[in-house]
Undergrad: 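Sending over a structure as structure tokens; questions will come in a sec.
Atoms considered below: every heavy atom in the structure, side chains included; atoms not considered: hydrogens, waters and symmetry mates. Small disclaimer: the values here were computed from a predicted structure and weren't measured. Order of appearance sets the numbers: ligands from 1, and atoms from 1 within every ligand. Numbers here simply count residues along the sequence, with the first being 1.
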Amino acid sequence: MKSARLITAVAVLAVLAGGGVAAATRPTPKPVARFVTDDQGRALFLHGFNTASSAKSTPDGLPTFTEADLDREYRDMGTNFVRFLIQWRALEPTPGTYDTKYLDKVAERVAWYAKRGYHVMLDMHQDLWGSDITPGKAAGNGAPGWATHLDGLPVSTDQPTWEMYYLEPGVIRAFDHFWNTTGDHPELMDHYAKAWKAVAARFKDDPAVIGYDLMNEPWGGSIQGAQFETGPLATLYRRSIAEIRSVDPDSWIFLEPQAVGVNWGLPSALPHFDDPRDGQPRIGLAPHLYPLPLDLGDDYTAGSRRWTDRTLGWWRDNTLRTAERVGGPVVLGEFGLDMSRPGSSDLVKRVLGLTDQVNMGRAYWSRDPGPWGPYDDRGKPGPLVAAMARPYPRAVGGVPVSVAYDEKSRALTLVFDANETGPTEIYLPARDFPHGGQASIGEATWDAGRRVLTVKTKTAGRLTLTITPR
Ligand SMILES: CN(C)c1ccc(C(=O)NC[C@H]2N[C@H](CO)[C@@H](O)[C@@H]2O)cc1
């Protein structure tokens, strides 16, 4: 029965996403052409985790994550990126006052990543608006209490699943006030945009911080779909971009489409946003990916796997179309699942291969201990460690065209248009590359400590670099 319901749901999705014959004949858009670059100008491939969901509920709004945890993460998986969760409630505890001690603690953790050559995207995280949607703080995170206006409308606490809170009258009202749908609290959006200005003023010169993810999984309340994304959501983004750029001309600004539907592969209506900076725009797209069949509780096996793969194709094509409109790089801000379920490692590898193929960065959800994470509650590594310990080009001395890793032959192939920015750096995990790697072109140097192969090549022309185990 469940599979029949599932197939029906995804078939509906197929029609909605134009995923029928039309999608089959419509050409797949080109891979992402824009990249976040490092201080040498090399194109970055961002590979890492969301750190961490625990920040949603800790009193100080910081993840329960230590520097030793980061050392282990690098040793085991060689990541170079983090989507670091921050909380508006901790940043702006009362209207217009910013907690500089909170920002100091965030900066302390950013410094851990900087010391290890990581790149950090700060994520103003919310789910369900904020923890004050119920008197007992039973659910929700992000917004401060002073910004939470339910007007006495009910928020029951007996939902079968957490996401159903989004449909509670009180939660919808809180969002309607924020988006100025009610017209009663026009100040809220302004506070949010100015909170971003405070973050940007603090981190604008931090070399590890590549940029800001303006709002996690936006929910329009009474307004949904294109009306939301081109309406109040676009207004919030424009006002936040202006506030950030008033203090920070260079950090990347990442925008999320609405979560509902788009996480599954439906198209987003997110419009283009001008970037009031000198030089090329630095506005990127940071969508999430949670395939509907898996969201409905099925595993990445048999019939559900085939449907999931079809929705992954829709997600890829629709994301690339939105990215063309936004005009910047794509960082897949979240993907993840219960790693104890059958087929989970295959799904993770499928998504890593897909993001390689179209030049997207990616952050797994999430770094927290438990069935979704790399380690269990006692720190024992699970199957995700092997899946995330994957060869990838940390930085490319040119403009990437394509990346592909073939597990059988253990060959990583990078096609790029070489330039003068510097050598290409490739992370090689111990399992497949116990003695390091060899390069098909150029001059290679192996750093066994960091497990990084650095390859100096010609600085012009289209090159194909293949790395195989030494
Ligand atoms: C109805 N709405 C608005 C909704 C439903 C479901 C999700 C979701 O599953 N999100 C996936 C993961 N992302 C968050 C953190 O950003 C995690 O808690 C979810 O598992 C989001 C929104």
Undergrad: Anything under 30° is parallel, anything over 60° is perpendicular, the rest tilted; go ahead and classify His47 against Tyr392.
TA: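 His47 and Tyr392: tilted rings.
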Undergrad: Among Arg72, Arg116, Arg109, whose salt bridge (charged side-chain N to carboxylate O under 4.0 Å, His left out) with Glu67 holds?
TA: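 Of the listed options, the one satisfying the test is Arg116.
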Undergrad: Can you figure out which of Glu163, Arg83, His288 has its heavy atom closest to atom 5 (C) of ligand 1?
TA: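 The option holding the nearest heavy atom is Glu163.
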Undergrad: Does the structure place the NZ or CZ of Arg325 under 6.0 Å from the centre of the six-membered ring of Phe273, at an angle of no more than 45° from the ring's axis?
TA: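 That pair does not qualify as a cation-pi contact.
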Undergrad: Does ligand 1 have an atom that lies less than 4.0 angstrom from a heavy atom of Lys56?
TA: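 Lys56 counts as a contact of ligand 1 under the 4.0 Å cut-off.
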Undergrad: For the 3.5 Å polar cut-off, considering only N or O atoms, please tell me whether Glu217 and ligand 1 meet it.
TA: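 Yes: some nitrogen or oxygen of Glu217 is under 3.5 Å from one in ligand 1.
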Undergrad: With respect to Tyr166, determine whether any N or O atom, backbone or side chain, lies less than 3.5 Å from an N or O atom of ligand 1.
TA: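 No, Tyr166 has no N/O under 3.5 Å of an N/O on ligand 1.
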Undergrad: Starting from atom 13 (N) of ligand 1, find the nearest protein heavy-atom neighbour and note its residue, name and distance.
TA: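 The protein heavy atom lying closest is Glu334 OE1, 2.8 Å.
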Undergrad: What is the closest protein heavy atom to atom 8 (C) of ligand 1, and at what distance does it sit?
TA: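 Atom 8 (C) of ligand 1 sits closest to the protein heavy atom Trp162 CZ2, 3.6 Å.
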Undergrad: Measure the acute angle between the ring planes of Trp196 and Tyr212, then classify it against the limits of 30° and 60° as parallel, tilted or perpendicular.
TA: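 Plane angle between 30° and 60°, so tilted.
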Undergrad: So, taking the atom named CH2 in Trp88 and the one named NE2 in His191, what distance separates them when rounded to the nearest 0.5 Å?
TA: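 One finds 7.5 Å between CH2 of Trp88 and NE2 of His191.
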Undergrad: Please work out whether any backbone atom (N, CA, C, O) or any side-chain heavy atom from C-beta onward of Leu167 is under 4.0 Å from ligand 1, and answer side chain, backbone, both or neither.
TA: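 It is neither; nothing of Leu167 touches ligand 1.
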Undergrad: Working to the nearest 0.5 angstrom, can you tell me the gap between Tyr364 OH and Phe49 CZ?
TA: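 So the OH of Tyr364 and the CZ of Phe49 are separated by 7.5 Å.
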Undergrad: By number and element, which atoms of ligand 1 are closer than 4.0 Å to a non-hydrogen atom of Trp219?
TA: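 Ligand 1 atoms under the 4.0 Å threshold to Trp219: 3 (C).
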Undergrad: Mind checking whether Tyr290 and Trp372 have parallel, tilted or perpendicular rings, split at 30° and 60°?
TA: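 Rings of Tyr290 and Trp372: tilted, 30 to 60°.
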Undergrad: Show which atoms of ligand 1 fall inside a sub-4.0 Å distance from at least one heavy-atom site of Val260.
TA: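 Per the distance check, 1 (C), 2 (N), 3 (C).
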Undergrad: Is the closest heavy-atom distance from His125 to ligand 1 below 4.0 Å?
TA: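 Flag set, His125 near ligand 1.
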